[in-house]
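Residues: numbered from 1 along the sequence shown. Every number for a ligand or one of its atoms is a count from 1 in the order of the listing.
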Amino acid sequence: MDVEEARRLFDLSGKVAIVTGGSGGLGRAAAAGMAAYGASVVITARRMDALEEAAAEIAGAGGRALPVSCDVTDEESVRAMVRRTLQELGRVDILLTAAGIARRAPAEEMDMADWQQVMDTNVKGTFLCCREAGREMIKRGAGKIITVSSVRGLLGHPLGYAAYGTSKGAVHLLTRQLAVEWAKHGINVNSIAPCIFWTPLTEPVLSDPEAAKIFLDRIPWGRAAVPDDFIGTVVFLASAASRFVTGQIIYVDGGNVAG
Ligand SMILES: NC(=O)c1ccc[n+]([C@@H]2O[C@H](COP(=O)([O-])OP(=O)(O)OC[C@H]3O[C@@H](n4cnc5c(N)ncnc54)[C@H](O)[C@@H]3O)[C@@H](O)[C@H]2O)c1
């Protein structure tokens, strides 16, 4: 590899990325990060007003973003979102699945409607997006899929994560499964497993000093992460820099799972 090629390892110019949960804390940061490296980004979630705001921010920074409404739990909605991406931008090179929800409750009190909603969004929703984008990547013989799991997919926690942790453990396995199945199609499939980040999802927990302490005591860096801490790993996994990396769960966690 010559110096010029090495310098371009992280370049995403000409690439098209779909980011689900694109109006949320981590999805929005990931979309902005990939746009900064040259990708055109389709940002999706259900509410158009939030997506339009996120797209305007990316456009304001000189990037290209297309907001598309999509409910990841609805098969037809996911299909329509990928179709729209192809119509408007012609291809899908990268998929990052940041759409996700959490419902916390002590296991003995877990409501099964909540349980199902978590599974539908985090597991079925992730799979549907991977399947639909994956079909397009298979046609091209190349692609980068980045799922978003969690430290909770590896470790139990006292604050009621039976549904959420189970769903994220499933995302870990789904990531490895797709990595093995789709390696022959030139598709890298990896997962980013964050610890606790400041986003709308975690605001209620981090704003409660007692609960926050339970999380922060487990993080050697001693702080919650911020969405910008997510971007470098996203760009790495979306780009040629990670071309021989697949089936990995990368913990962006300030050392949380190290000890
Ligand atoms: N914030 C954290 O500390 C943290 C830690 C570990 C893992 N995660 C995971 O990262 C991902 C993003 O989390 P976040 O903190 O940005 O949360 P967030 O609540 O800020 O954003 C979640 C996004 O998902 C979208 N979404 C939810 N249900 C959807 C559906 N049915 N269809 C389409 N979009 C839907 C929301 O509209 C929003 O855009 C989630 O999968 C979450 O589990 C977050």
Side-chain angles (χ1 to χ4, degrees), residues 18-33 42-55 67-78 80-82 95-104 114 116-130 132 146-155 157 159 161 163-172 174-175 191-207 211-212 214-216 218-219 223-231 233-234 249-254 256-257:
I18 294 174
V19 176
T20 74
S23 59
L26 298 186
R28 199 165 164 157
V42 173
I43 47 174
T44 90
R46 286 162 301 183
R47 278 185 33 221
M48 270 314 271
D49 54 341
L51 290 171
E52 272 160 4
E53 191 196 308
V68 178
S69 172
C70 169
D71 179 346
V72 298
T73 66
D74 178 337
E75 192 169 359
E76 190 38 49
S77 179
V78 175
M81 179 272 289
V82 172
L95 167 70
L96 183 136
T97 61
I101 59 167
R103 297 283 179 268
R104 288 192 298 116
D114 283 347
Q116 196 55 49
Q117 213 184 346
V118 170
M119 297 303 160
D120 283 350
T121 308
N122 297 2
V123 185
K124 176 183 162 191
T126 298
F127 178 66
L128 278 175
C129 294
C130 291
E132 293 305 312
I146 307 163
T147 62
V148 180
S149 56
S150 170
V151 163
R152 300 276 72 77
L154 180 75
L155 301 173
H157 192 277
L159 290 185
Y161 285 97
Y164 182 79
T166 304
S167 76
K168 293 300 186 177
V171 172
H172 286 189
L174 176 63
T175 303
S191 192
I192 303 180
C195 64
I196 196 154
F197 275 63
W198 276 102
T199 72
L201 184 79
T202 55
E203 187 87 45
V205 179
L206 285 172
S207 307
I214 295 175
F215 282 92
L216 300 187
R218 289 167 163 73
I219 300 176
R223 66 167 174 89
V226 293
D228 284 356
D229 293 322
F230 193 63
I231 293 174
T233 311
V234 168
I249 314 298
I250 301 192
Y251 292 90
V252 177
D253 70 346
N256 193 164
V257 305

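Looking at heavy atoms from C-beta onward, Ile249 lies in side-chain contact with Ser149 at the 4.5 angstrom threshold.
Here atom 35 (C) of ligand 1 lies nearest to Ala99 when heavy atoms of Ser167, Ala99, Pro200 are compared. Of the listed residues (Val19, Asp120, Asp71), the one carrying the non-hydrogen atom nearest atom 31 (N) of ligand 1 is Asp71.
Residue Thr199 has at least one N or O atom closer than 3.5 Å to an N or O atom of ligand 1. By the 3.5 Å distance cut-off applied to N or O atoms, Ala45 is not counted among the residues near ligand 1. Looking at Phe197 next to ligand 1, an N or O pair under 3.5 Å apart turns up. Between Gly25 and ligand 1, at least one pair of N/O atoms sits closer than 3.5 Å. Residue Pro194 has no nitrogen or oxygen atom sitting less than 3.5 Å from a nitrogen or oxygen atom of ligand 1, judged on distance alone. The N/O atoms of Gly24, backbone and side chain alike, include one that comes under 3.5 Å of an N/O atom in ligand 1. Looking at ligand 1, you won't find any N or O of Thr73 less than 3.5 Å from one of its N or O atoms. Checking only distances, Ser150 never comes within under 3.5 Å of ligand 1, N or O to N or O. For Thr202, no nitrogen or oxygen atom sits less than 3.5 Å from a nitrogen or oxygen atom of ligand 1, counting backbone and side chain alike. Polar contact check, Asn122 against ligand 1: no nitrogen or oxygen pair lies under 3.5 Å apart.
Under a 4.0 Å heavy-atom criterion, Ser77 is not in contact with ligand 1. Taking 4.0 Å as the cut-off, Val148 counts as a neighbour of ligand 1 on heavy-atom distance. In this structure, Ser149 has a heavy atom closer than 4.0 Å to ligand 1.
The proximity of Ala50 to ligand 1, defined as any non-hydrogen pair under 4.0 Å, does not occur for either the backbone or the side chain.
Given atom 22 (C) of ligand 1, the protein heavy atom at minimum distance is Gly100 O, 3.7 Å. Looking only at protein heavy atoms, the nearest one to atom 43 (O) of ligand 1 is Tyr164 OH, 2.5 Å.
With Tyr164 as the aromatic partner, Arg152 does not meet the cation-pi criteria of under 6.0 angstrom to the ring centre and within 45 degrees of the ring axis.
Note: His157 and Phe215 have parallel aromatic rings, judged against thresholds of 30 and 60 degrees for the angle between ring planes.
No side-chain donor-acceptor contact under 3.5 Å links Thr126 and Thr147.
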